[in-house]
Amino acid sequence: MFDFLKKTHRITYASVSFDGTRPYNEDSLKILDTDRRKLFILADGLGGCGDGKLASQTAVDSAEDTGRESTGSGETFLKELFETAQESVTEKKENPEKGMATTMVVLDIEGKTAQWAHVGDSRLYFFRKNRFEAHTKDHSVPQMLVNIGQIKESEIRHHPDRSSLLHTIGYPWDGNPCEASEQIRIRSGDAFLLCSDGFWENIEDAEMEEILAQSPDVETWLENMTEAVKTHAGDADMDNCSAICVYVE
């Protein structure tokens, strides 16, 4: 089911989240739409660590609260948002030794500017004039291998250690691992995709771009990408899939 479809000024957006072949969905989404900012939040709870859904829901709730209450902006605001999410998830642990954790990626649009940040392997993709421009770099073992030149980026999707994460919300931090982008001035025709790894691992960047170019609106873009994700996954074991698409019009 698609929800959160709404027009606000020049911004339109849509979201989707489903179980895949898993017994339950541990992803969580939030969208904060105020006069000050449009804040898009997606988190993927780590099922193998226990209480993944609680971790992801706690993180997005905390991020929404920070977005509503904070007077900050830019990288300072994003760092604050991730710090408070880390504190909230840590406080929710019934057992301090328990590995309850989640990834999170956020997009903050204020006026004519946009900036994003993430921890883990949930991603943000940025498109301009229907062309892929960039995506966030995972905090994962395969991404580290890419960084040191041992494998190609195209090998991340099917790498045996693809789910081995170096940073998450919920595990102890040695400094804030949140990576914030440069602030950009948004233009008509810009598009953003926030998604969990269950989504991006089943669709290549070029196909996202192709479907975007053929889609008349944000809901169609998301719907057609979701169909592609399901088709590529086939009958294989499929992780929870979640995505938020954002158009600048």
Side-chain angles (χ1 to χ4, degrees), residues 20-22 26-27 42-50 52 55-56 59 75 78-79 82 85-86 89 99-107 115-128 131-182 184 191-212 225 228-243:
T21 60
R22 303 298 166 84
E26 295 185 293
D27 294 349
L42 183 149
D44 177 359
L46 276 62
C49 296
S56 68
E75 184 172 354
L78 293 171
K79 291 284 188 180
F82 277 84
Q86 169 74 344
V89 172
M100 183 175 122
T102 184
T103 70
M104 189 164 73
V105 59
V106 302
L107 168 66
Q115 195 167 13
W116 53 90
H118 77 292
V119 167
D121 64 351
S122 292
R123 290 183 177 181
L124 180 141
Y125 289 79
F126 169 48
F127 302 83
R128 175 157 281 171
R131 303 294 296 178
F132 168 74
E133 292 285 330
H135 70 69
T136 52
K137 302 303 181 185
D138 309 329
H139 296 135
S140 68
V141 169
Q143 182 66 61
M144 180 184 67
L145 297 176
V146 171
N147 296 345
I148 63 177
Q150 288 195 9
I151 66 172
K152 298 178 181 178
E153 185 169 327
S154 59
E155 298 178 69
I156 289 179
R157 279 180 170 82
H158 306 293
H159 194 278
D161 292 325
R162 204 201 56 67
S163 297
S164 298
L165 300 183
L166 303 177
H167 300 300
T168 61
I169 294 172
Y171 275 99
W173 289 355
D174 181 14
N176 190 335
C178 148
E179 288 190 37
S181 71
E182 295 294 323
I184 66 166
F192 303 90
L193 166 66
L194 295 79
C195 57
S196 61
D197 63 329
F199 194 94
W200 63 255
E201 70 182 358
N202 287 303
I203 184 169
E204 299 284 347
D205 307 355
E207 188 172 12
M208 297 177 188
E209 183 183 77
E210 180 182 355
I211 296 173
L212 173 61
M225 281 197 296
V229 165
K230 291 178 178 179
T231 298
H232 296 325
D235 296 326
D237 179 40
M238 188 180 187
D239 198 358
N240 304 150
C241 289
S242 298

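All figures in this text were calculated on a predicted structure; none of them were measured in a lab.
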For this session: Test V105 against R123 for side chain to side chain contact (heavy atoms under 4.5 Å, CB included), laying out the working first.
Result: CA-CA 6 Å; V105 59; R123 290 183 177 181; over 6 Å; no
Problem set entry | For A180, all residues meeting side chain to side chain contact (heavy atoms under 4.5 Å, CB included), sequence neighbours excluded | E75, L78, Q115, A117
For this session: List in chain and number order the residues that pass side chain to side chain donor-acceptor pair (under 3.5 Å) with T102, two or more places apart in sequence or in another chain; answer none if no residue qualifies.
Result: none
Exercise. Do the side chains of L194 and S122 get nearer than 4.5 Å, heavy atoms only?
Worked result: no
For this session: Considering non-hydrogen atoms only, spot the tightest contact between N240 and E26 and give its length.
Result: OD1-N, 2.8 Å
For this session: Could you list the residues that satisfy side chain to side chain donor-acceptor pair (under 3.5 Å) with D121, not counting sequence neighbours?
Result: R162
Problem set entry | pair V106-L124: side-chain heavy atoms closer than 4.5 Å | no
For this session: List in chain and number order the residues that pass side chain to side chain donor-acceptor pair (under 3.5 Å) with R22, two or more places apart in sequence or in another chain; answer none if no residue qualifies.
Result: D237, D239
Problem set entry | Residue pair A59 / A85: nearest heavy atoms and the distance that separates them | O-CB, 4.1 Å
For this session: State which residues pass salt bridge (Lys or Arg N to Asp or Glu O under 4.0 Å) with E210; sequence neighbours excluded, sorted by chain then number.
Result: none
For this session: Only counting residues at least two apart or in another chain, list the ones meeting salt bridge (Lys or Arg N to Asp or Glu O under 4.0 Å) with K79.
Result: none
For this session: Indicate yes or no: at least one non-hydrogen side-chain atom of L193 is less than 4.5 angstrom from one of F199.
Result: yes
Exercise. How many angstroms lie between atom CD of Q86 and atom SG of C178, to the nearest 0.5 angstrom?
Worked result: 11.5 Å
Problem set entry | Residues which pass side chain to side chain contact (heavy atoms under 4.5 Å, CB included) with H139, listed by chain and number, not counting sequence neighbours | H118, V119, H167, E179
Exercise. Would D27 and S242 count as having a side-chain donor-acceptor pair, cut-off 3.5 Å?
Worked result: yes
Seminar exercise, completed: By side chain to side chain contact (heavy atoms under 4.5 Å, CB included), I184 pairs with (sequence neighbours left out) A114, W116, F126, R128, F192
Exercise. In chain order, what residues pass the ring-ring contact (aromatic ring centres under 6.0 Å, His included) check against Y125, with sequence neighbours excluded?
Worked result: H135
Problem set entry | Listed once per pair and sorted, the salt bridge (Lys or Arg N to Asp or Glu O under 4.0 Å) pairs that draw on residues 141-154, sequence neighbours left out | K137-E153
For this session: Please round to the nearest 0.5 Å and tell me the distance separating atom CD of E133 and atom CG of D205.
Result: 12.5 Å
For this session: Using side chain to side chain contact (heavy atoms under 4.5 Å, CB included) as the criterion, list what pairs up with E209, not counting sequence neighbours.
Result: F127, R131, F132
For this session: Could you check L165, I156, T103 and say which one makes a side chain to side chain contact (heavy atoms under 4.5 Å, CB included) with D138?
Result: I156
Seminar exercise, completed: For G198 and C241 the tightest heavy-atom approach is O-SG, 3.1 Å
For this session: Check side chain to side chain donor-acceptor pair (under 3.5 Å) between E207 and all other residues, then give those that pass, not counting sequence neighbours.
Result: H232
